[in-house]
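As structure tokens, the structure follows; a few thoughts come after it.
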Amino acid sequence: MTDVLLETRDLALAYGAFRAVDGVSLRIARGSIHTVIGPNGAGKTSLFHCLTGERRPTAGRILLDGREITREPPHGRVGLGMSRSFQVTSLFQELSVHENLRLAAQGIDGWRALNFWQRLNKRREHLARADEILERIGLAERAGVAAGELSHGQQRILEVGMAICPRPKLLLLDEPTSGMGIDDIPSMTSLIGELGEDHSILLIEHNMSIVMSISDTITVMNRGQVLVEGDPETVRSDARVRDAYLGEAA
Amino acid sequence: MTTKTLDTVAASPGRRRFKGRLGAGTTLAMLAVMVLLPLVLPSATLATEILIFAMAALACNLLLGFTGLLSFGQAIFFGAGAYISALAMIHLNAGLIGALLIAVVSGCVLALGVGMLCIRRKGIYFVMLTLALTQMAYFLAYTLSDWTGGDNGLLDVPRPPLAVGETTLISFASPLAFYALVASLFALIYVVARRITDSPFGSTLLAIRENEQRASALGYDTRLFKIMVFVLSGGITALAGALYGMLLNFVPLSNIELLMSEQILIMTIIGGTGSLFGSLLGAGAIVLLGDLLSSIWPRWMLLLGVALIAVVIFMRGGLWGGLSSLLERRRGSHTKPHKEAGHD
Ligand SMILES: Nc1ncnc2c1ncn2[C@@H]1O[C@H](COP(=O)(O)OP(=O)(O)OP(=O)(O)O)[C@@H](O)[C@H]1O
Ligand SMILES: [Mg+2]
């Protein structure tokens with residue numbers, strides 16, 4: 001049996017009477033890149049909201065490392081080893097790129113971040129972590145610039161960079177390439193590929209060339225449910241998957 | 001509500017050095033202002049009033065400028081601080097330190113309650129809750145006229161000396177002595193607030209102001225941070241209220257009115273949100289303007305409206321923003337103009 005990092009059991013999320021997530025059971029293996037794909041409105045982001053605690057599922061359970069986290073608030077999940085990026089870029093626009101990353105690193109301090117008497121440069125590990133991630137995502141040149149002044153592509157990279165600052169066990173990335181220009185996508189693809197070497201990743205992505213090239217496992221969602229699950233080859237050749245996407249196009 | 005006034009680029013080495021100099025500079029400037037105020041102004045009482053409102057504006061700035069919380073509730077804490085300290089002195093014979101401590105503690109406790117209630121909602125609903133609570137506090141003070149004097153205000157508020165047992169160490173009967181007391185307290189609060197805004201806690205407040213959802217996703221319990229900054233702000237505001245009662249020897253009902261909240265907010269915004277030194281500038285400007293104009297033109301508040309509009313439209317960083325960009329330009333800095341307004 002594979003080593004399961006995150007597991008959901010019959011997870012459901014309803015908006016009123018509409019079931020956006022309808023009985024999803026996932027098992028994400030430790031060390032893998034696990035991608036969720038599906039046509040628009042399939043419920044991918046809604047599933048994500050449940051996993052990150054943004055929304056409380058209407059039914060089902062979520063287990064991280066065998067521990068029940070279904071009702072854990074978003075901020076509590078960071079300390080447990082989960083960290084996320086947003087589909088719609090969500091930065092601290094007026095703060096510098098470096099400060100965005102430093103704040104991201106400081107988040108694991110939990111209630112210790114309430115310390116109101118310490119000087120920031122006393123927390124060297126957070127400054128060092130921000131510097132390290134700056135290098136890794138290739139934004140060291142722009143460290144002092146306000147995040148809001150970065151190009152869209154750079155903002156998307158920073159978005160992912162912030163998610164890795166707390167050294168998560170599980171990295172959740174919601175469409176990291178969304179809205180990126182064709183020129184910027186290769187750098188994001190290689191970044192995610194690299195991150196996959198030392199992180200377990202749950203990825204939502206529309207860009208099929210990325211999905212097929214870096215995923216270990218793919219889950220195809222449609223209408224809130226899991227349609228097919230398997231390795232890229234299996235999914236590529238599955239007739240139901242083609243139908244779901246063709247159905248969307250029609 | 002976010003503003004363009006905060007230091008967005010503190011991380012670049014050059015900026016950090018400049019910011020450090022500017023920071024130390026504003027502390028010195030603040031101390032210089034403390035010494036000069038009673039000398040240049042016609043009366044020490046006027047100088048004292050400026051510092052009391054600067055204290056209240058600074059506290060308001062922690063909410064508005066640093067956390068992005070637009071609260072109309074500051075009059076609750078200002079008024080409560082004034083009433084409760086005065087009542088403690090009148091009925092319980094509290095001394096100076098006792099009265100001020102009671103004010104601070106009750107301000108903190110009230111702010112804890114108000115904060116916990118209001119931060120359950122965001123945006124416009126948060127603002128409405130603070131408005132509603134201020135109205136309630138006002139009517140409560142109005143109704144409890146046996147205690148508060150209602151419309152007539154609470155009269156004969158003493159200004160006790162600093163004493164140990166029966167021996168008086170320092171009397172604050174003279175306006176200048178009382179000014180020295182208020183100035184010392186203001187300087188203390190200013191330095192402490194500077195330290196707090198530069199701490200992990202303070203940096204997290206900025207994160208919440210910028211993007212609360214992201215802050216929460218990064219592991220911060222944002223509600224806890226917002227409640228804590230409310231408590232801090234409430235305590236400081238109540239202290240200002242208590243000192244105001246001692247200054248006037250009287251607590252007018254207007255201390256706990258919505259209009260008081262508005263005045264404190266206007267001082268904060270005109271001075272510059274996100275700048276502690278700006279709060280001193282804002283309070284100074286408004287108190288002086290009021291003092292100059294109220295005697296010659298009863299409708300002077302109209303001008304206040306014009307000033308506020310001018311600041312909001314033309315000078316987003318307020319007085320501090322204008323001043324610091326002037327300073328920075330004179331130093332020949334190469335950073336872009338709209339980022340020059342750093343928080344001190
Ligand atoms: N807050 C909400 N209230 C009501 N319905 C919602 C809400 N959010 C999403 N939905 C609906 O739930 C369904 C699933 O939405 P979701 O955002 O999870 O899809 P998705 O798979 O992420 O799509 P996309 O690929 O476009 O990002 C959609 O039909 C959407 O209209
Ligand atoms: Mg989505």
Review point. Below 4.5 Å, heavy atoms only, C-beta onward: do A:E99 and B:S203 meet side chain to side chain?
Key: yes
Exercise for review: Determine whether more than 12 heavy atoms belonging to other residues, nucleotides or ligands lie under 6.0 Å from atom CG of B:L31.
Suggested key: yes
Check your understanding: Of all of A:R123, A:Q118, A:R102, which one pairs up most often with chain B through heavy atoms under 4.5 Å apart?
Key -> A:Q118
Revision key, fill the gap. Scored by heavy-atom pairs under 4.5 Å with chain B, the best of A:T52, A:L91, A:D109, A:N121 is A:L91
Review point. Which atom names give the shortest non-hydrogen contact between B:F201 and A:L114, and what distance separates them?
Key: CB-O, 3.5 Å
Practice item. Answer with side chain, backbone, both or neither: which region of A:M82 has an atom nearer than 4.5 Å to a non-hydrogen atom of chain B? Key: neither
Review point. Looking at side-chain heavy atoms only, is the closest gap between B:D198 and A:L120 below 4.5 Å?
Key: no
Exercise for review: For B:R121, look at atom CZ and say whether over 12 heavy atoms of other residues, nucleotides or ligands are found less than 6.0 Å away.
Suggested key: no
Review point. Mind checking whether A:H75 and B:T222 have side chains closer than 4.5 Å, heavy atoms only?
Key: no
Check your understanding: Should we say atom CD of A:E141 is surrounded by more than 12 heavy atoms from elsewhere, each under 6.0 Å from it?
Key -> no
Check your understanding: What pairs with B:F77 under ring-ring contact (aromatic ring centres under 6.0 Å, His included), at least two apart in sequence or on another chain?
Key -> none
**Study point:** Shortest non-hydrogen separation from B:N211 to A:F92 and the atoms involved
**Key:** O-CE2, 3.4 Å
Review point. Of all the residues in residues 226-239 of chain B, which have a heavy atom that comes within less than 4.5 Å of a heavy atom in chain A?
Key: B:M228
Review point. Given a strict heavy-atom distance threshold of 4.5 Å, which part of A:I108 is in contact with chain B: side chain, backbone, both, or neither?
Key: backbone
Check your understanding: Between A:R77, A:R119, A:Q106, which shows the greatest number of heavy-atom pairs under 4.5 Å with chain B?
Key -> A:Q106
Practice item. Mind listing the closest non-hydrogen atom pair of A:L103 and B:Y220 along with its distance? Key: O-OH, 2.6 Å
Check your understanding: Quick one: does A:E94's side chain have a donor or acceptor within less than 3.5 Å of a partner on B:E210's backbone?
Key -> no
Check your understanding: Do the non-hydrogen side-chain atoms of B:P200 and A:R112 ever get within less than 4.5 Å of each other?
Key -> no
Review point. Which atoms of A:S83 come close to chain B, meaning under 4.5 Å heavy atom to heavy atom: side chain ones, backbone ones, both, or neither?
Key: neither
Check your understanding: Quick one: does B:R214's side chain have a donor or acceptor within less than 3.5 Å of a partner on A:S90's backbone?
Key -> yes
**Study point:** Among B:I196, B:L205, B:D221, residue most engaged with chain A (heavy-atom pairs, under 4.5 Å)
**Key:** B:D221
